[in-house]
Amino acid sequence: AFPGMADEDTSLVGREEELSRLRGLVASPYTESRMLLLLGDPGMCKTVLLTEAARGARSAGMRVLAAAGRESEQNLAFAGLHQLLRPVLDRVDSLPAVQAKALRGAFAISEGPVPPDALLTGIAVLTLLSGLSEQSPLLVVTDDAQWLDPASLDALAFAARRLESERLVLLLAARRNEPPADLDRDFPGPLRLAP
């Protein structure tokens, strides 16, 4: 579940079509990467739909990495990415040394200061997510993406553009009136929630 969302059954009256699409997104077989950007105004059930998708993914045996953008952290570089990847930071050591160094530097967990490198950090995120998806199918889900810091959003978009046959689903939700910069270009056919 996402911060502030109870892990209990929720009512999705009138959202059967969207829920069906999300269930199909996380259903096997996992032969190629899948991506979806969910857009809607506040109060349109985005968080509830994401919670249901994550619940379905776990039931199907997928690993789930989740994060929620926070308005108070949108100016903190890599804060959203750190929230998303914190449960798997023990896997950073398995990355190529230069990628591991870049990711540790982005999260300020390196031995010494490491200047930020957007390209290497994006590559590290892609390598880490790809490696995790080799172990088991993976759902990467982010709510309130409009509040993700630009560095995290850029790293996720970089990875999204390079996903191919990984057993990985990337699902982001954002307010329609505040879409994340350029994300609708990277995610073909966003699902727009109607009132």
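All residue numbers refer to positions in the sequence shown, counting from 1.
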Same cluster for Ile109 and Phe78 if Ile/Leu/Val/Met/Phe/Trp/Tyr side chains link at under 4.5 Å? yes

Salt bridge (charged side-chain N to carboxylate O under 4.0 Å, His left out) partners for Glu18, two or more places apart: Arg15

Any side-chain heavy-atom pair from Ile123 and Thr121 closer than 4.5 angstrom? no

Please enumerate all residues that pass side-chain hydrogen bond (donor to acceptor under 3.5 Å, both in side chains) together with Gln135, with sequence neighbours excluded. Arg91

With side chains defined as the heavy atoms from C-beta onward, is the minimum distance between Arg70 and Trp147 less than 4.5 Å? no

Does a donor on one side chain and an acceptor on the other come within less than 3.5 Å for Glu73 and Asn75? no

Closest non-hydrogen atoms of Gln146 and Ala174, given as atom of the first, atom of the second and distance, are OE1-CA, 3.3 Å

Under a 4.5 Å cut-off applied to non-hydrogen side-chain atoms, are Thr142 and Leu171 in contact? no

What one should report as the nearest heavy-atom pair of Arg63 and Ser136 is CB-OG, 3.8 Å

Please check if the number of heavy atoms outside Arg86 that lie under 6.0 Å from its CZ is greater than 12. no

Check: Met44 and Asp41 side chains under 4.5 Å, non-hydrogen atoms: yes

Do Leu89 and Leu126 belong together in a cluster built from hydrophobic side chains that touch within less than 4.5 Å? yes

Holding to side-chain hydrogen bond (donor to acceptor under 3.5 Å, both in side chains), I want the full list of residues that pass it with Asp149, two or more places apart in sequence or in another chain. Ser152

Should Leu138 and Val169 be marked as a side chain to side chain contact (heavy atoms under 4.5 Å, CB included) after you check the CA-CA gap, both sets of side-chain angles, and the distance that decides it? CA-CA 6 Å; Leu138 177 66; Val169 176; over 6 Å; no

For Arg104, give me all partners under side-chain hydrogen bond (donor to acceptor under 3.5 Å, both in side chains), at least two apart in sequence or on another chain. Asp93

Taking all non-hydrogen atoms of both residues into account, name the closest pair between Arg34 and Leu25 and its distance. NH1-O, 2.7 Å

For Phe107, the ring-ring contact (aromatic ring centres under 6.0 Å, His included) test, sequence neighbours excluded, returns His82

dist Leu81:CG -> Leu76:CG (nearest 0.5 Å) comes out at 13.0 Å

Measuring from atom OG of Ser33 to atom CG of Leu163, what distance do you get when rounded to the nearest 0.5 angstrom? 4.5 Å

Any donor-acceptor N/O pair, Ser20 side chain to Glu16 backbone, under 3.5 Å: no

Taking all atoms of both residues into account, what is the closest heavy-atom pair of Leu120 and Asp117, and its distance? N-OD1, 3.0 Å

With distance as the sole test, does Arg21 use its side chain to make a donor-acceptor pair with the main-chain N or O of Glu17 at under 3.5 Å? no

Nearest atoms (heavy-atom pairs only) where Val64 meets Ala57: CG2-CB, 4.0 Å

Hey, what do you get for CG (Leu22) to CG (Leu50), rounding to the nearest 0.5 Å? 7.0 Å

Measuring from Leu139:CG to Leu65:CG, what's the distance to the nearest 0.5 Å? 8.0 Å

One should read off an interatomic distance between Leu129 CG and Leu156 CG, to the nearest 0.5 angstrom, of 7.5 Å

Closest approach of Ser130 to Glu166 (non-hydrogen atoms, all atoms of both residues): OG-OE2, 3.2 Å

For Gln74, enumerate each residue passing the side-chain hydrogen bond (donor to acceptor under 3.5 Å, both in side chains) test, keeping only those at least two apart in sequence or located in another chain. none

Hey, could you give me the CG/CZ distance between Asp143 and Arg175, rounded to the nearest 0.5 Å? 9.5 Å

Closer than 3.5 angstrom, by distance alone: can the side chain of Lys46 be matched with the main-chain N or O of Leu38 as a donor-acceptor pair? no

Donor + acceptor pair across side chains of Gln99, Thr127 (<3.5 Å): yes

